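No hydrogens, no waters, no symmetry mates; every other heavy atom, side chains included, goes into these values. Since the structure is predicted, the reported quantities are computational estimates derived from the model, not experimental observations.
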Amino acid sequence: MASEEKPLVVVTCTAPVNIAVIKYWGKRDEDLVLPINSSLSVTLHQDQLKTTTTAAISKDFTEDRIWLNGREEDVGQPRLQACLREIRRLARKRRSTGDEDPPPLSLSYKVHIASVNNFPTAAGLASSAAGHACLAYTLARVYGVDSDLSEAARRGSGSACRSLYGGFVEWQMGERADGKDSVARQVAPESHWPELRVLILVVSAERKPMGSTAGMQTSVETSPLLRFRAEAVVPGRMVEMTHCVRERDFQGFGRLTMKDSNQFHATCLDTFPPISYLSDISRRIIRLVHCFNAHHGQTKVAYTFDAGPNAVVFTLDDTVPEFVAAVRHCFPPESNGDKSQPWGRVHGCAA
Ligand code: DP6
């Protein structure tokens with residue numbers, strides 16, 4: 001039976017979380033999701049954190065539908081529609097260039113999508129990146145698209161384009177107005193730095209009060225520091241960070257990661273009205289990391305925070321036991337939240 005005639009096609013894919021060590025914050029084009037600076041991230045192993053998405057297309061479906069973590073959501077969300085449109089455009093383009101035999105399934109088929117995260121959504125744990133990368137990738141598979149998916153993922157959520165690759169990934173901001181050169185590229189594969197570890201210190205698994213999209217828009221409108229950062233700071237940091245990654249220089253990598261996180265949060269405070277994602281506990285973690293490093297006379301651990309209070313800590317495998325002991329000492333289990341809630345504790349995962 002030609003694929004065109006199949007009554008139902010179902011595809012399931014997973015996508016990882018990525019943690020930016022040079023942060024993306026601010027768009028130059030809201031609609032196309034084009035950033036004001038390049039960014040660089042580390043993709044986490046999928047053993048601990050991942051999104052799983054199943055997409056089904058059928059001639060019997062009468063409308064597109066989507067379920068997130070078991071609940072049906074509005075399929076008309078503009079970001080979701082932009083991703084769907086882009087994938088269907090790529091599928092049409094592929095068909096019209098005639099390099100497909102047999103031709104892909106009818107593009108008129110409606111899609112049903114179900115996506116689940118195995119970690120809290122919208123708690124500053126980069127769930128949107130994994131979610132939109134997974135959506136773009138799964139839709140591409142179900143509609144038979146195999147071209148670059150940066151744009152489709154980016155149109156869902158900017159940072160999602162970096163979750164399309166493993167290892168160390170840069171999102172080049174690009175210069176073109178149409179965004180064709182705003183793409184994600186792997187800087188080094190996942191096998192490059194096997195000793196690198198990531199600890200996620202969950203301070204709060206609640207939804208963040210101000211989402212990244214609205215937050216960065218206000219920052220672009222009001223923060224002179226953000227403009228300075230994008231133009232005068234990030235270009236040099238991208239070069240430096242790429243070098244640290246290639247050389248597996250943890251000292252340089254860790255210092256720059258912390259500085260970039262701090263500058264990102266400084267731009268949030270420079271936003272008007274100000275945005276503060278860090279909590280008192282986040283600041284205690286920052287102090288703990290600096291004390292730990294001062295005690296060792298070198299950068300052994302490095303924190304970074306996204307749009308929420310949870311800390312992501314990078315270190316090398318031989319430092320994990322000692323640092324986890326230090327965290328347990330400063331945040332003893334009895335004062336460390338509800339024990340029945342698996343996210344009240346420190347979680348480790350291999351990068
Ligand atoms: C602080 O990619 O979530 O995590 O493009 O508006 O969806 P939208 O924003 P999003 O922003 C992520 C911001 C960040 C830094 C980063 O991941 O680079």
Side-chain angles (χ1 to χ4, degrees), residues 15-29 32-46 49 126 128-134 136-137 147-194 196 198 212 216 220 226 229-264 267 302 304-307 312 314 351:
V17 161
N18 76 78
I19 302 295
V21 289
I22 301 294
K23 305 288 186 198
Y24 147 56
W25 196 251
K27 298 181 188 66
R28 63 180 197 277
D29 187 314
L32 294 177
V33 190
L34 300 177
I36 58 169
N37 61 259
S38 297
S39 53
L40 200 149
S41 58
V42 180
T43 299
L44 305 194
H45 200 288
Q46 295 192 54
L49 306 175
S128 73
H132 285 103
C134 208
Y137 196 83
S147 38
D148 188 287
L149 297 176
S150 280
E151 176 161 356
R154 197 189 72 215
R155 296 288 292 265
S157 188
S159 54
C161 66
R162 298 187 313 239
S163 272
L164 291 170
Y165 300 93
F168 301 82
V169 184
E170 68 173 323
W171 173 14
Q172 298 165 348
M173 63 178 286
E175 287 169 2
R176 289 173 54 154
D178 65 4
K180 294 291 174 223
D181 56 354
S182 188
V183 290
R185 290 275 173 264
Q186 194 178 58
V187 169
E190 44 274 44
S191 55
H192 173 70
W193 202 346
L196 193 64
V198 176
S212 312
M216 69 174 78
V220 167
L226 181 64
R229 165 180 162 74
E231 287 166 11
V233 181
V234 173
R237 284 188 174 175
M238 286 295 293
V239 175
E240 201 186 328
M241 189 57 95
T242 303
H243 179 79
C244 292
V245 167
R246 294 221 163 107
E247 298 298 313
R248 291 189 284 265
D249 166 11
F250 188 80
Q251 301 273 323
F253 171 85
R255 266 197 308 270
L256 196 51
T257 295
M258 292 188 279
K259 284 184 174 184
D260 203 70
S261 172
N262 293 341
Q263 189 176 70
F264 154 51
T267 67
T304 185
F305 295 83
D306 284 330
V312 174
F314 288 98

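Side-chain atoms of Ser157 never come within 3.5 Å of backbone atoms of Ala129 as a donor-acceptor pair (strictly under, hydrogens ignored). Side chain of Ser261 to main chain of Phe305: a donor-acceptor pair is present (N/O by atom type, distance under 3.5 Å, no hydrogens or angles). Side chain of Arg154 to main chain of Gly179: a donor-acceptor pair is present (N/O by atom type, distance under 3.5 Å, no hydrogens or angles). Counting only distance, with no hydrogens or angles, the side chain of Gln172 and the backbone of Asp181 share no donor-acceptor pair below 3.5 Å.
Proximity of Ile19 to Val17: side-chain heavy atoms (C-beta onward) are separated by under 4.5 Å at one or more points. Counting heavy atoms from C-beta on, the side chains of Pro35 and Arg28 come closer than 4.5 Å. By the 4.5 Å heavy-atom criterion applied to side chains, Arg162 and Thr43 are not counted as neighbours.
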Side-chain donor-acceptor distances from residues 238-247 under 3.5 Å, at least two apart:
from   : atom 1 : to     : atom 2 : distance (Å)
Thr242 : OG1    : Met238 : O      : 2.6

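A distance of 12.0 Å separates OG of Ser41 from OH of Tyr165, quoted to the nearest 0.5 Å. Atom CZ of residue Arg248 and atom CG of residue Leu196 lie 11.0 Å apart, to the nearest 0.5 angstrom. The CH2 atom of Trp193 sits 6.5 Å away from the CZ atom of Phe250 when rounded to the nearest 0.5 Å. From Ser182, atom OG reaches atom CE of Met173 across 7.5 Å, with rounding to the nearest 0.5 Å. Going from atom CG of Leu164 over to atom NE2 of His132 covers 12.5 Å, rounded to the nearest 0.5 Å. If you take CG on Asn18 and OG on Ser159, they are separated by 6.0 Å, rounding to the nearest 0.5 Å.
Taking each heavy atom of Ser128 and Ala160 in turn, the nearest pair found is O-CB, 4.3 Å. The nearest pair of heavy atoms linking Cys161 to Ser150 is CB-O, 3.7 Å. Of all heavy-atom pairs spanning Arg229 and Pro235, the tightest one is O-CD, 4.4 Å.
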Verify side chain to side chain contact (heavy atoms under 4.5 Å, CB included) between Val234 and Trp25, making sure each step is shown before the conclusion.
-> CA-CA 11 Å; Val234 173; Trp25 196 251; over 6 Å; no
Test side chain to side chain contact (heavy atoms under 4.5 Å, CB included) on Leu226 and Ile36 and set out the steps.
-> CA-CA 9 Å; Leu226 181 64; Ile36 58 169; 3.8 Å; yes
Using the side chain to side chain contact (heavy atoms under 4.5 Å, CB included) rule, take Val198 and Val312 through it: C-alpha gap first, then chi angles, then the decisive distance, then the call.
-> CA-CA 7 Å; Val198 176; Val312 174; 3.5 Å; yes
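Ion pairing between Arg176 and Asp178 holds under the 4.0 Å rule for side-chain N and carboxylate O. Residues Arg255 and Asp249 are not paired through a salt bridge, judged by the lack of any N-O separation under 4.0 Å between the basic side chain and the carboxylate. Salt bridge status for Arg185 with Asp148: present, with a side-chain N to carboxylate O gap under 4.0 Å.
Lys23 pairs with exactly one of Thr304, Asp260, Thr267 by the side-chain hydrogen bond (donor to acceptor under 3.5 Å, both in side chains) rule, that one being Thr304.
At most 12 heavy atoms of other shown residues, nucleotides or ligands fall within 6.0 angstrom of atom NZ in Lys259. For Tyr137, the OH atom is loosely surrounded, since the number of other residues' heavy atoms within 6.0 Å does not exceed 12.
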